[in-house]
S.K.: 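Questions regarding the structure given below will be posed in turn.
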Protein chains: 2
Amino acid sequence: MATIKDVAAKAGVSTATVSRVLNGERVKQETKERVLAAIEALGYRPNLVARSLKTQKTQIIGFVVPDFGSFFMRVAEAVEEILNSYGYSLIVCNSNEDLTREIEQVQMLVERQVDGLLVVPTSSSSKHLLEAQKKGIPVVLVDRLVKGMQVDSVLVDNVNGAYQAVEHLVTMGYRRIGVINGRLEVTTGEERYRGYLRVFEDYNLPIAEELIRTGDFSSQSGYILIKELMALPHPPQAVFIANCYMTMGAMLAISELGIRVPEDLAIVAFDDMELYRIATPPLTVVVQPMEEIGKTAARLIYKRVSGDNSDFPQMYRLKPELVVRGSSVPPGRLEASSEVTVNKVAL
Amino acid sequence: MATIKDVAAKAGVSTATVSRVLNGERVKQETKERVLAAIEALGYRPNLVARSLKTQKTQIIGFVVPDFGSFFMRVAEAVEEILNSYGYSLIVCNSNEDLTREIEQVQMLVERQVDGLLVVPTSSSSKHLLEAQKKGIPVVLVDRLVKGMQVDSVLVDNVNGAYQAVEHLVTMGYRRIGVINGRLEVTTGEERYRGYLRVFEDYNLPIAEELIRTGDFSSQSGYILIKELMALPHPPQAVFIANCYMTMGAMLAISELGIRVPEDLAIVAFDDMELYRIATPPLTVVVQPMEEIGKTAARLIYKRVSGDNSDFPQMYRLKPELVVRGSSVPPGRLEASSEVTVNKVAL
DNA sequence: ATGAAAGCGCTAACAA
DNA sequence: TTGTTAGCGCTTTCAT
């Protein structure tokens, strides 16, 4: 492959001049044209690896996500778009919700000299992230927090999101409200659970321990736990499910069991997915601003890699939104179920 | 950050020796231990950018996909897993189903000196891919083909997949069968349409032109086109929808219109999604082997970057599978609708 | 078994 | 405005 030397030779100039043309520095118009012609003729493309070694900047941001599911990929899509517009590339890595793998991926990204790191931590272990910071690599936590670490973060107000969801059920008159939690050692799981509890506190309602189940965010656990709940001698009348994968599993179980929603069981879920709208009935959900999470995280890491360390550590708490659809209606007037849908179709 | 020089100094050896330890070459046990101790003490990690510049290999594979939706991400997940096990990293880029962007992404990946390229082409334009090949970068096409180009590819047998889907409807007795096609200039779109047509040919059935609609793979086009079809004076009794996003849009329209499935309209869709199983009724689909596509593509590109050019150009045609669920039942016995589900739940 | 030294392709002082 | 040159951190002959 042609190098800058070949171009220099062909254009009859030094490599420095070619470099200047490449980087848009001042070069005499005529020289510039000769260089450009040589580049064109040779089909020359700069070697970004060499450039990175020299400049000590790769223009790459690493993004470690726990899975390639729709939630994080919608975030990643927004991140990539913003970052590309700034001239950065994104490497998205899958930690598989596994700390060991997360550590490996972070280490690999550090060795690849990424300029910055976006991480959705799988646990509260922070050693590998601290190390990255120590090496001067800015880190921004996305969606989840690692406690006791000074770090930028872009999060969602999970407590109040869950609160709204459960409060919605309570104000409609439900009392036996179950919950399918995610992993409590992950902040999103813990916070959503806290939101659930807080409603009972605020409304001075008793909590039925047997209606509280803790899964691991997987659809499998949603499937199992909803079955456990519904097999109870006195099953819940409503349930709050803490993330989209568990909701998926729960809905499958529900359709297998022939449980009618919302007649037998009202549902409010955290996270929205396109298909929830075409479920029968469409699901009431707490929608997270995925695109905004991505854009905010991208802008923040860009700010840091650009050397702006003001307001460190910066924390964004984006607000989720309750969207009431057919899966939750007042226990009194179930006939109206199909009319409760209030979401605007946004294809 | 510590470099190999620092390690060498600390261990009292040359950088060459440190490099040998790093790369597992023969070094006296005692020396090795001293080097390892120095590495540990300094928290040294090799700079992969420098290594890449020297070895002319980045151990990175680029993967350009048209979107970050569940289909391609499931493929990407499998690709990453295999590639990581070979010591390679993956950069997934979004072309947004847009040729200009695809060209930019390919160019960027080439400049970043990726060792190999996986591409889901957005069109039959091949110039940028030929250029990459010319520079010695192996290219493997995934899911879609570019005609008139000598290139490795991992594809699905779309013609027979679509054929099975439509034949299933025909053998059940349906005759007025509509189709919502994807982009015909993309091979998957064209091949699935061909499969549809071939059934009518083979069964010597007349084709109703007004039941053939061509969209662009987006859920929006599915939404619009199913409405067009159902607004016909003589609407179809069954419809074949050529990909998952259009199916999503179509199902939303169907639920809005209050059309009953399969009573008013039987549906067979290309692509499976987890949520199709919890739709009412669950959807009959042609399932693509996403994981196998990813693994096959990963293994093939690995073979090429490893210098094995045997059997070039190699083409895999993986077989999709028809899974009959509740959205398609013989028009005669609709009462049985909920019993036809034959898929095994695989959570 | 180990070290010296060249060089991968580029950028950035510094000189001219 | 342009050229000369050093050097980013690593690997890899070639010597020793």
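Below, each value reflects all heavy atoms present in this structure, side chains not excepted, and no hydrogens, waters or symmetry copies. Within every chain, numbering begins at 1; the chains are lettered A, B, ... in the order of the sequence lines, protein sequences first and strands thereafter. Just so it is clear, the model here is predicted, and its values are computed rather than measured.
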S.K.: More 5' along DNA chain C: Leu53(B) or Ser14(B), using each one's nearest nucleotide?
M.R.: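 Nearer the 5' end of the strand: Ser14(B).
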S.K.: If you only use heavy atoms from C-beta on, which nucleotide in dT5(D), dC10(D), dG9(C) is closest to the side chain of Thr3(A)?
M.R.: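 Closest nucleotide to the Thr3(A) side chain: dG9(C).
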S.K.: Let's see if you get this right: which residues in residues 18-29 of chain B place a heavy atom under 4.0 Å from DNA chain D?
M.R.: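 Correct list: Ser19(B), Arg20(B), Asn23(B).
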S.K.: Grab the CE-P distance between Met1(A) and dC8(C) for me, whole Å please.
M.R.: 14 Å
S.K.: Roughly, in whole Å, what's the span from CD in Gln56(B) to P in dT13(D)?
M.R.: 13 Å
S.K.: NA contact type, Val49(B), heavy-atom cut-off 4.0 Å: base, sugar-phosphate, or nothing?
M.R.: nothing
S.K.: What's the NZ-P distance between Lys5(A) and dT4(D), to the nearest Å?
M.R.: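 Going from Lys5(A) (NZ) to dT4(D) (P), I get 13 Å.
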S.K.: Are Gln113(B) and dG9(C) close enough that a side-chain N or O sits under 4.0 Å from OP1 or OP2?
M.R.: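 For dG9(C), OP1/OP2 do not have a side-chain N/O of Gln113(B) under 4.0 Å.
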S.K.: Side chains of Leu109(A) and Ile137(A): closer than 4.5 Å at any heavy-atom pair?
M.R.: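 Answer no - side chains too far apart.
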S.K.: In whole angstrom, give the distance that lies between atom CD of Gln59(B) and atom C1' of dT11(D).
M.R.: 14 Å
S.K.: Starting from the C-alpha separation in whole Å, work towards a yes-or-no answer on salt bridge (Lys or Arg N to Asp or Glu O under 4.0 Å) for Glu104(A) and Arg101(A).
M.R.: CA-CA 5 Å; Glu104(A) 285 171 7; Arg101(A) 215 146 149 52; 3.5 Å; yes
S.K.: Take the angle between the ring planes of Tyr88(A) and Tyr302(A) and call it parallel below 30°, perpendicular above 60°, tilted in between.
M.R.: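 Taking Tyr302(A) first and then Tyr88(A), their aromatic rings stand perpendicular (interplane angle over 60°).
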S.K.: Do Glu102(B) and His128(B) have side-chain N/O donor and acceptor atoms under 3.5 Å apart?
M.R.: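 Present: a donor and an acceptor within the cut-off.
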S.K.: As a quick check of understanding, evaluate salt bridge (Lys or Arg N to Asp or Glu O under 4.0 Å) for Glu97(A) and Arg144(A), giving each step before the final call.
M.R.: CA-CA 12 Å; Glu97(A) 202 74 86; Arg144(A) 303 174 181 176; 2.7 Å; yes
S.K.: Using the benzene-type ring in the case of Trp, are the ring centres of Tyr245(B) and Phe217(B) under 6.0 Å apart?
M.R.: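 Centroid distance Tyr245(B)-Phe217(B): not below 6.0 Å, so no.
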S.K.: Nearest to the side chain of Thr55(B), heavy atoms from C-beta on, is which of dT11(D), dG9(D), dG9(C)?
M.R.: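 From the listed options, dT11(D) comes nearest.
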S.K.: dC10(C) C1' sits how many Å from Asp6(A) CG, rounded?
M.R.: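 The distance from CG of Asp6(A) to C1' of dC10(C) comes to 13 Å, rounded to the nearest Å.
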S.K.: How many whole angstroms separate atom NZ of Lys54(A) from atom P of dT11(C)?
M.R.: 10 Å
S.K.: I want to confirm an ordering. Mapping Thr15(B) and Ala50(B) to their closest nucleotides on DNA chain C, which one lands closer to the 5' end?
M.R.: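 Its nucleotide being nearer the 5' end, the pick is Thr15(B).
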S.K.: What distance do Gln56(B) atom CD and Arg51(B) atom CZ have between them, rounded to the nearest 0.5 Å?
M.R.: 14.5 Å
S.K.: Rounded to whole angstroms, how far apart are NZ on Lys57(B) and P on dT12(D)?
M.R.: 12 Å
S.K.: Should Thr17(B) be listed as having a side-chain N or O under 4.0 Å from OP1 or OP2 of dG3(C)?
M.R.: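 Result: yes.
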S.K.: Sequence neighbours excluded, which residues qualify as salt bridge (charged side-chain N to carboxylate O under 4.0 Å, His left out) partners of Lys295(B)?
M.R.: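 Lys295(B): salt bridge (charged side-chain N to carboxylate O under 4.0 Å, His left out) contacts with Glu291(B).
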S.K.: How many whole angstroms separate atom CD1 of Ile4(A) from atom C1' of dC8(C)?
M.R.: 13 Å
S.K.: Is the closest basic N to carboxylate O distance between Glu30(A) and Arg34(A) below 4.0 Å?
M.R.: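 Between Arg34(A) and Glu30(A) there is a salt bridge, with a charged N closer than 4.0 Å to a carboxylate O.
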S.K.: Between the opening five pairs and the closing five pairs of the helix from dA1(C)-dT16(D) to dA16(C)-dT1(D), how far apart are the helix axes, to 10°?
M.R.: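 Terminal axis comparison yields 40°.
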S.K.: Could you tell me whether Glu190(B) and Arg183(B) have a side-chain N and a carboxylate O separated by less than 4.0 Å?
M.R.: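 Here Glu190(B) does not pair with Arg183(B) in a salt bridge, since their nearest N and O are not under 4.0 Å apart.
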